[in-house]
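Supplied in C-alpha cells, the structure appears directly below.
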2 protein chains.
Amino acid sequence: MLENIDLSRKLEKRDYKRQISRLQIKLGELQRLAREAGLPVIIVFEGWDAAGKGTLINKLLLALDPRGYNVFPTFAPNEEEHLRPFLWRFWIKTPSAGKFAIFDRSWYRRLITDRVEGITDKKQMPRDLGDILSFERQLSDNGTLIIKFFLHISKKEQKKRFGHLEENKATSWKVTSDDWRHHAQYSQYLKATNDALDRTDTAFAPWTAVESHDSRFAAVKVFSTVCKALEKALKPAKTSNVVLRCANARAEKRAVSMPAILSSVDLSVKIDRNEYRSLLEKYQERIMELEHEAYKKRIPVIIVYEGWDAAGKGGNIRRLVQGMDPRGYEVIPIAAPNDVEKSHCYLWRFWNHMPKAGHIAIFDRSWYGRCMVERVEGFCTGEEWNRSFAEINEMEAHLTGFGAVIIKFWLHIDKNEQLRRFRERELIEHKKWKITNEDWRNRKKWNEYGRAVNEMLYQTGTKAAPWTVIEANDKYYARIKALTTVINRIEEQL
Amino acid sequence: MLENIDLSRKLEKRDYKRQISRLQIKLGELQRLAREAGLPVIIVFEGWDAAGKGTLINKLLLALDPRGYNVFPTFAPNEEEHLRPFLWRFWIKTPSAGKFAIFDRSWYRRLITDRVEGITDKKQMPRDLGDILSFERQLSDNGTLIIKFFLHISKKEQKKRFGHLEENKATSWKVTSDDWRHHAQYSQYLKATNDALDRTDTAFAPWTAVESHDSRFAAVKVFSTVCKALEKALKPAKTSNVVLRCANARAEKRAVSMPAILSSVDLSVKIDRNEYRSLLEKYQERIMELEHEAYKKRIPVIIVYEGWDAAGKGGNIRRLVQGMDPRGYEVIPIAAPNDVEKSHCYLWRFWNHMPKAGHIAIFDRSWYGRCMVERVEGFCTGEEWNRSFAEINEMEAHLTGFGAVIIKFWLHIDKNEQLRRFRERELIEHKKWKITNEDWRNRKKWNEYGRAVNEMLYQTGTKAAPWTVIEANDKYYARIKALTTVINRIEEQL
C-alpha cells in the first residue's frame, strides 16, 4: 500500500486556508447529522513517529463538538489489559450511537509493533489478523463507520524531524532512544506495516495512506476523507429486502435440515437425595481447589447459563459458587439492555464483563439472547440474528485463543415440568415474585423458542466452546452434571 | 470497639438452621423492596485473615438475587489505581439505585493496613480519616444505606485456623508468609483497627463488630443486622419540611449578606487582535511544555469551565488545547445525566472522569450544575443544593490533597453581550445549531442564575481550589486570561 505513494505532494498556504476552513465547517455539520442519525464512527490514526499524528488529531478535534467524541491514545497494554484478550480494551471503547471514537494508534500495534519487536511470535499472526478482521467486520455490519489513516513519511524525513525536535529545548524530550531504535529498524517496520495494511484494507474498513511530508496536504486529505466517508454513510440506505428474504429463507431451510438436538434429550435421568448430598459436597470442594489453580495459572473461565424459564438456572448457579471464594468469581445476570447498552453494538456489554485471566465469570443468560429472545420476539432483524451465529463464534474464538475456558449450558426441561414449576411458584408465598406474566407469554411460544434453541445449539456448538445440554427435569441431577462439567473442562485446560 | 467483645458466643446447629432459613427468605424479600424503592446499599466486610469473610459473603450472596448485587474484592491498589486519589476506585463502584455493592475489604485498608505497614505516614492519617468520613456522609446524605462489619477473632484463634488450613493440602495455599507476618503483628493491627473503627462509627455509617469464633453465630448476626438496617431504611421517611424550610431560609439570608462578586467585575477590559495573536502563540507553546512537565511530575490537572450561555466556553477551550498533545488531555462535556448516571449519587459521574496523575481533564460544565441549573430549575431540593457546597469542597479537597491542580473558570459576560451573540448565532448559517429555545428560556432567568452563581463563587472559592472570574465580553482577552491562569497555576505547583 505504501510503495507507490508520492511523498512530494504539497499544498500552498493560500489554497490550504481556503480548503480547510470550508472542510472544518462541513465536518461540524456532518458530525451533527451523524449524531441525529445515531451513526457511531471510529477513526484510527496510525503512522510513523514524528509523522504528525498528534497535530493532525488536534486539528480534527478543533472542528468537532467535544460532546460528540472521545480520543483514546493506545500505549503498550497495562497490567489490567494484559490479563484480557488483546481486543478487549478496544471493544469496551467502541463508540455508542452518534459518537466518534478517535484512536491515536490502535489494535494495529498487534500486527506491527508487537511483530517487529518480537512480542508476539510469527505463528500468532494469522489468528491475530483473523480476530482483527472479525472485529472490524462485526462493528461495520452492526452499523459503525470505520475510517483508518496511516501517516506516511520517509526514513530521511523522519531523521530530519527527529533532528529538529532535538535541537529545540522545548521539544527535545519528545525524541527518545526508543524512537531512534525504531528509526534504525525503519525498513522492518515498513515491511510489517505494508503487510498489515494490505491484509486489512477491506471494503468495510478501508485504509487511507496519507502523504505527510507536507502537513497542509495531510490535513486536507484527512479532513476530506472523513467528510466523504461520513457523507456516504449518512446517505439513506436502500433497505435490502432481497437480502432479508434470502436470510429468512435460508433460516427456514436450515430449520428443516438441522438435527433436532433437544428432542433427543433423555429427561428421565435422576439422582437420589442422599447420593446428591454426598456428591455435591465432594464436587464443591473440588471446585474450590480448581478456582485457586485456575487463578494461579491465570486461566480465565467463562460459564454461560441458558435454559427455559424455571429450568433452575438460579439454584444451579448457587450450588456451583457455594464453596467458591467470592474474590475469584462474578455472577453476571443479563436482563434487557439499558439505554447506554442499547446505544452500542449488542456484544459491547458482554465485552465489558469478560473476566480477567484467573477469574471466573458466570453469565446468567448471555449474548445468546440475540438468537433466542431477540429473534423470537422480533427485537432484531432476520439478517441480524442470522449474522449473530458467526459473530458469536468469532467472539468466543478470540476468547479461547487467549486461553479462556468457555462452558455453555442449556438447562432443558419439558413443557409439563415447566407448568408444574410455574404453578408451584404461584402457590409459595416467597416464590411468587419469581413468576411474571412474561413467563406465561413466553411459554405460549414454546415451539418457536424450541426451534431457535435447536438452531443455536447447532450453529454455535464449536469444538473450542461446546454446548452442554443439561437434563434438568431433576434438579439434583442437573446440579451435579453442571458441577462435573465445569470440573472436567477446567481440569482439561490445566 | 473490640475491647469488650465476648468472643465465646455461639449458636447451636438446630437454632442456627431455624433462624438462618427464616433470615434468608426475609433478606430476599427486603432486597426486592430495596430495588422497588430505589435504595442503594453498601455492605463492607473487614476483619482478620481467616475470620471467615469469604464464607460469610458467599452465604449472604446465596440469599440474594444476583441481578441486584456486585461484589468488589479490594487488594493493594494496581497501577491504574495508584494514579488516582485513594477513594477514586471506591467512588466509581458505588451502587446505583436499588443495587447492593458488597466490599470484601474496603477503603479501611488506608486506615489500618497502610498505617501498620507504614505505607502512609502518620501525618496523613487525619486527612485520610476526614476524606473517609466525608465520603460516607455524602453517600448517606444522598440516600445510600451503608452497613459495615468487622469480623473479630482472637490471636489464638487465628493461629489455630492458620494451622488447620496448612494441614489440609487443599487449603494450605491460603496461608501465606504475609499472613504469618500480620499474625505476629496482631497487637499493632488490633490497635490500628480499634482506632479506625472508633473514629468512623457514625450514625450514618455505623460499625457492627461480629464475634466470629463461631461461624453460625457470626452468620446470624450479619444476616439480622443487614435485615434490620434494610427495614429501617425502607420505612417511609417523614419528609422533614422543617429542615427544608430552614435550609431555604438560610439560603435567602445568605444571598443578602453575600458579596455580589459578579457585579464588581469590569467587563470593559480588552486586548487588540495583533497582541492577541502573538500572546496566543507564545502561551500555547508554554502550555505544551507544561503539559509535558506535569506529565513527568505526575501532577493531575483539573480545569473547570462554567459561564453564561454564549460566553465563549467552547472557543476558549479550543485555544487552550490547540497546541496540546491529545494523549495528555481530555475534554469532558457535561450534558444532562443519562439513565445510568441519574441512578447514582450526582458526584459519581464526575469521579468516573477524574484524570490520572499526569493528565489534564477539562470539564465543559461540571459538578457545579448542582448549585446552578439544578437549583434554579428545581431539579434538586433546597436541602440538596445547600448541601452541595460542602460536598463539592470536600471532593475538591480530596483531589488537591492527592496533589491535583484544580482551576475553575467562570466566564462572565453581561446581558447585552449575550443578546448580541444569540442574534449573531441565529444569523450565521453554520452557527444556527448552537442556539436553542432553552438558551432563550435560561436568559429570562438571568437574575436567578446570577444569584446562584454569586453564591456558588462565594461558597466554593477555596484556597486550594479558587475560582477565576474571566471577563469575557472580549473573547481575545478571555482566552489569554484563561491561558495565563492555567500557566501560572501549573507553574506554581511545579
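In the text below, chain A, chain B and the rest are named by the order of the sequence lines, each starting its count at 1. Note that the structure is a prediction, hence the values are computed from the model and not measured.
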Check: Roughly how far, to the nearest 0.5 Å, is the CZ atom of B:Arg35 from the CH2 atom of A:Trp433?
Finding: 7.0 Å
Next item on the list: Return the option, out of A:Arg32, A:Lys26, A:Lys59, with the maximum number of heavy-atom pairs under 4.5 Å with chain B.
Entry: A:Arg32
Notebook entry, point to check: What part of A:Gln322 is in contact with chain B, defined as an atom under 4.5 angstrom from a non-hydrogen atom: side chain, backbone, both or neither?
Noted result: both
Next item on the list: Assess whether atom CZ of A:Arg298 is packed by more than 12 heavy atoms of other residues, nucleotides or ligands within 6.0 Å.
Entry: yes
Notebook entry, point to check: What is the distance from atom CD of B:Glu289 to atom NZ of A:Lys169, rounded to the nearest 0.5 Å?
Noted result: 7.5 Å
Margin query: Need one label for B:Arg327: side chain, backbone, both or neither, based on atoms under 4.5 Å from any heavy atom in chain A.
Written below: both
Next item on the list: Pick whichever of A:Gly28, A:Pro66, A:Gly323 has the most heavy-atom pairs under 4.5 Å with chain B.
Entry: A:Pro66
Margin query: With a 4.5 Å cut-off on side-chain heavy atoms, are B:Asp339 and A:Asn338 touching?
Written below: no
Note to self: So, taking the atom named CD in A:Glu29 and the one named CD in B:Glu429, what distance separates them when rounded to the nearest 0.5 Å?
What the structure shows: 7.5 Å
Notebook entry, point to check: Quick check: are there more than 12 heavy atoms from other residues, nucleotides or ligands sitting under 6.0 Å from CD of A:Glu281?
Noted result: no
Checklist line | Option in A:Glu330, A:Met324, A:Lys53 with maximal non-hydrogen atom pairs under 4.5 Å from chain B | finding: A:Met324
Notebook entry, point to check: Which region of B:Glu285, side chain (C-beta onward) or backbone (N, CA, C, O), has a non-hydrogen atom less than 4.5 Å from a non-hydrogen atom of chain A, or is it both or neither?
Noted result: neither
Check: So what's closer than 4.5 Å to chain A heavy atoms on B:Glu79: side chain, backbone, both or neither?
Finding: both
Note to self: Does A:Arg67, at its CZ atom, have more than 12 non-hydrogen atoms belonging to other residues, nucleotides or ligands within less than 6.0 Å?
What the structure shows: no
Note to self: Is B:Thr171 close to chain A through its backbone or its side chain, or both, or neither, when contacts mean heavy atoms under 4.5 Å?
What the structure shows: side chain
Check: Between CD1 of B:Ile332 and CG of A:Asn70, what distance do you get to the nearest 0.5 Å?
Finding: 9.0 Å
Notebook entry, point to check: Where does B:Leu64 contact chain A at under 4.5 Å (heavy atoms): side chain, backbone, both or neither?
Noted result: backbone
Check: By a 4.5 Å heavy-atom criterion (distance strictly below it), what part of B:Ile25 contacts chain A: side chain, backbone, both, or neither?
Finding: side chain
Notebook entry, point to check: Considering only heavy atoms, which portion of B:Asn78 lies under 4.5 Å from any heavy atom of chain A: side chain, backbone, both, or neither?
Noted result: both
Next item on the list: Would you indicate whether B:Tyr295, at its atom OH, is surrounded by more than 12 heavy atoms from other residues, nucleotides or ligands within a distance under 6.0 Å?
Entry: no
Check: Sub-3.5 Å donor-acceptor pair from the side chain of A:Asn58 to the main-chain atoms of B:Pro326, do we have one?
Finding: no
Note to self: Are B:Val71 and A:Val331 packed together at the side-chain level, in the sense that at least one heavy-atom pair is separated by less than 4.5 angstrom?
What the structure shows: no
Margin query: Given heavy-atom pairs under 4.5 angstrom as the criterion, report whether the side chain, backbone, both or neither of B:Leu61 touches chain A.
Written below: side chain
Item checked: Segment of B:Tyr329 engaging chain A (4.5 angstrom heavy-atom cut-off) -> side chain
